[in-house]
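If you're wondering where the values come from, they're calculated on a predicted model, not measured in any experiment.
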Amino acid sequence: MENSYVLYHDQIIKDGSIPVDPEDRGYHFGDGIYEVVFVYDKKPFAFKEHFARFEQSAEKLELAMPYDVSTFKKLTDELISKNNIENGMVYIQMTRGVAPRNHLYERNMQSVVTGFAKSVSLENIAESQAKGISTYLTEDIRWLRCDIKSLNLLGNVMAKRKAADFDCQEAIQHRDGTVTEGSSSNVFIVKNGTLKTHPSTNLILNGITRQIVIQLAKENGISVIEEAFSVEELLKADEVFITSTTMEVTPVTKLVGSENQSYDIGSITLKLQDHFKKQIKKNISLVNES
């Protein structure tokens, strides 16, 4: 991120100029939240939905929102512009604030907001979508509030590392045989033309791409069931795909680990990829018109 611009509180400044306080609770306890917004053609995609979730996460953790969503939108647009991002991502993080290390937190502390933007190759995403990815099946060892997009991601990163050790691009996690989600994605299966994914409970993050894909499926006559499914159902699925901000709709072609399976890239996955691409173009057009 050399010579880039970053966010610190409500200011966009040169990278390397941010004062890092060692008593920030984000460092001590992972006491904070974040959002990642994808950028297409210099426009943030689904910003409203991302920051509605940001506000929800803040409320659940009793974090003080220092600015309203319109200010975050202005700062996001400025990050994109200053860093000349054509296609990429914006990361915004908010910690509870700075205080002497103590497990007990005080309410209404001064939150610390930071963020950055970087370019991402759409070609790499397109390649994964065309070829599919390999996944590693592993036990879900995370805490029980996965619905909060917090900085507590050790379980996720350990799962991702394990997947990479087995030449896989993603982990698929399960709790006692019930599939929850990926290490950084939501998981969908298709059986007999019906889409199935874990319901939005405390056990998964309700991904923004997940929400959009479910809506697009319903609008286009694809049956959707938000219901927990087992590893056995995963193994017997006709199609499997993941969704995330940075991977969009990406098919799974291989599962390894305690169980092994291969999958074809099916028609439902391809249809939803196409519908999602059209939704991106529609969003860009609406933003340009406004």
Side-chain angles (χ1 to χ4, degrees), residues 128-147 155-156 158-160 162-276:
S128 294
Q129 290 175 338
K131 295 181 178 179
I133 61 169
S134 297
T135 58
Y136 179 77
L137 184 65
T138 187
E139 186 75 25
D140 192 340
I141 62 170
R142 301 170 300 163
W143 75 322
L144 295 176
R145 291 306 306 273
C146 298
D147 55 306
N156 303 65
M158 295 301 291
K160 183 75 82 171
K162 192 72 172 178
D165 290 343
F166 283 83
D167 295 321
C168 295
Q169 292 75 49
E170 176 61 308
I172 292 181
Q173 301 170 105
H174 67 92
R175 291 185 187 268
D176 299 321
T178 297
V179 176
T180 49
E181 60 184 341
S183 64
S184 59
S185 65
N186 293 114
V187 180
F188 290 77
I189 62 172
V190 179
K191 188 67 178 178
N192 297 326
T194 295
L195 201 57
K196 200 170 187 178
T197 190
H198 196 287
S200 176
T201 67
N202 62 297
L203 297 181
I204 72 162
L205 180 70
N206 189 11
I208 303 305
T209 306
R210 172 191 183 276
Q211 296 174 44
I212 294 171
V213 165
I214 289 173
Q215 185 61 37
L216 289 172
K218 291 177 178 178
E219 289 173 358
N220 290 278
I222 300 170
S223 177
V224 182
I225 301 175
E226 293 185 65
E227 181 179 279
F229 59 90
S230 66
V231 170
E232 183 178 357
E233 289 178 89
L234 174 66
L235 295 172
K236 293 179 179 179
D238 299 326
E239 304 173 40
V240 180
F241 64 85
I242 63 165
T243 61
S244 76
T245 294
T246 56
M247 293 292 285
E248 299 175 358
V249 179
T250 295
V252 172
T253 54
K254 188 176 181 181
L255 180 75
V256 301
S258 56
E259 302 285 353
N260 295 272
Q261 186 59 278
S262 295
Y263 306 96
D264 294 327
I265 301 175
S267 61
I268 300 294
T269 303
L270 292 173
K271 286 178 183 177
L272 289 171
Q273 284 182 337
D274 183 56
H275 291 315
F276 192 79

If we only count heavy atoms from C-beta on, is the [X] to [Y] side-chain gap below 4.5 Å?
X: Q273; Y: E248; answer: no
X: S128; Y: Q169; answer: no
X: Y136; Y: D165; answer: no
X: V187; Y: H198; answer: no
X: L195; Y: L272; answer: yes
X: L270; Y: D274; answer: no
X: E239; Y: I189; answer: no
X: L144; Y: L203; answer: yes

Keeping the roles fixed (side chain from [X], backbone from [Y]), state whether a donor-acceptor pair exists under 3.5 Å.
X: E226; Y: T197; answer: no
X: E227; Y: K196; answer: no
X: N156; Y: S183; answer: yes
X: Q215; Y: I212; answer: no
X: N186; Y: L205; answer: yes
X: T209; Y: S244; answer: yes

To the closest 0.5 Å, what do you measure between [atom1] ([X]) and [atom2] ([Y])?
X: R175; Y: I204; atom1: CZ; atom2: CD1; result: 11.5 Å
X: F188; Y: I214; atom1: CZ; atom2: CD1; result: 4.5 Å
X: I242; Y: M247; atom1: CD1; atom2: CE; result: 4.5 Å
X: I208; Y: T245; atom1: CD1; atom2: OG1; result: 7.0 Å
X: N220; Y: H275; atom1: CG; atom2: NE2; result: 3.5 Å

Apply side-chain contact (heavy atoms from CB on, under 4.5 Å) to residues R145 and D147 and explain how you reach the verdict.
CA-CA 5 Å; R145 291 306 306 273; D147 55 306; 2.8 Å; yes

[X] and [Y]: which non-hydrogen atoms are nearest, and at how many Å?
X: P199; Y: A228; value: CD-N, 3.3 Å
X: I222; Y: G193; value: CG2-O, 4.2 Å
X: C146; Y: R142; value: SG-CZ, 3.6 Å

Side-chain atoms of residues 251-267: list all donor-acceptor pairs with protein atoms under 3.5 Å, sequence neighbours left out, distances to 0.1 Å.
| from | atom 1 | to | atom 2 | distance (Å) |
| --- | --- | --- | --- | --- |
| T253 | OG1 | I133 | O | 3.4 |
| Q261 | NE2 | L235 | O | 2.8 |
| Y263 | OH | L234 | O | 2.7 |

Could you go through V213 and F241, starting from their C-alpha distance and side-chain angles, then the distance that decides it, and tell me whether this counts as side-chain contact (heavy atoms from CB on, under 4.5 Å)?
CA-CA 11 Å; V213 165; F241 64 85; 4.3 Å; yes

With side-chain contact (heavy atoms from CB on, under 4.5 Å) as the criterion, how do Q129 and T250 come out once you've worked through the C-alpha distance, each side chain's angles and the decisive distance to 0.1 Å?
CA-CA 5 Å; Q129 290 175 338; T250 295; 3.7 Å; yes

Indicate whether any N or O donor in one side chain lies under 3.5 Å from an N or O acceptor in the other, for E170 and S185.
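There is such a pair (donor and acceptor under 3.5 Å, judged by atom type) between the side chains of E170 and S185.
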
Listed by chain and number, what are the side-chain contact (heavy atoms from CB on, under 4.5 Å) partners of S223, not counting sequence neighbours?
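side-chain contact (heavy atoms from CB on, under 4.5 Å) check on S223 returns T194.
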
Check E181 with R210, please: is the shortest side-chain N to carboxylate O separation under 4.0 Å?
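A salt bridge is absent here (no side-chain N lies under 4.0 Å from a carboxylate O).
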
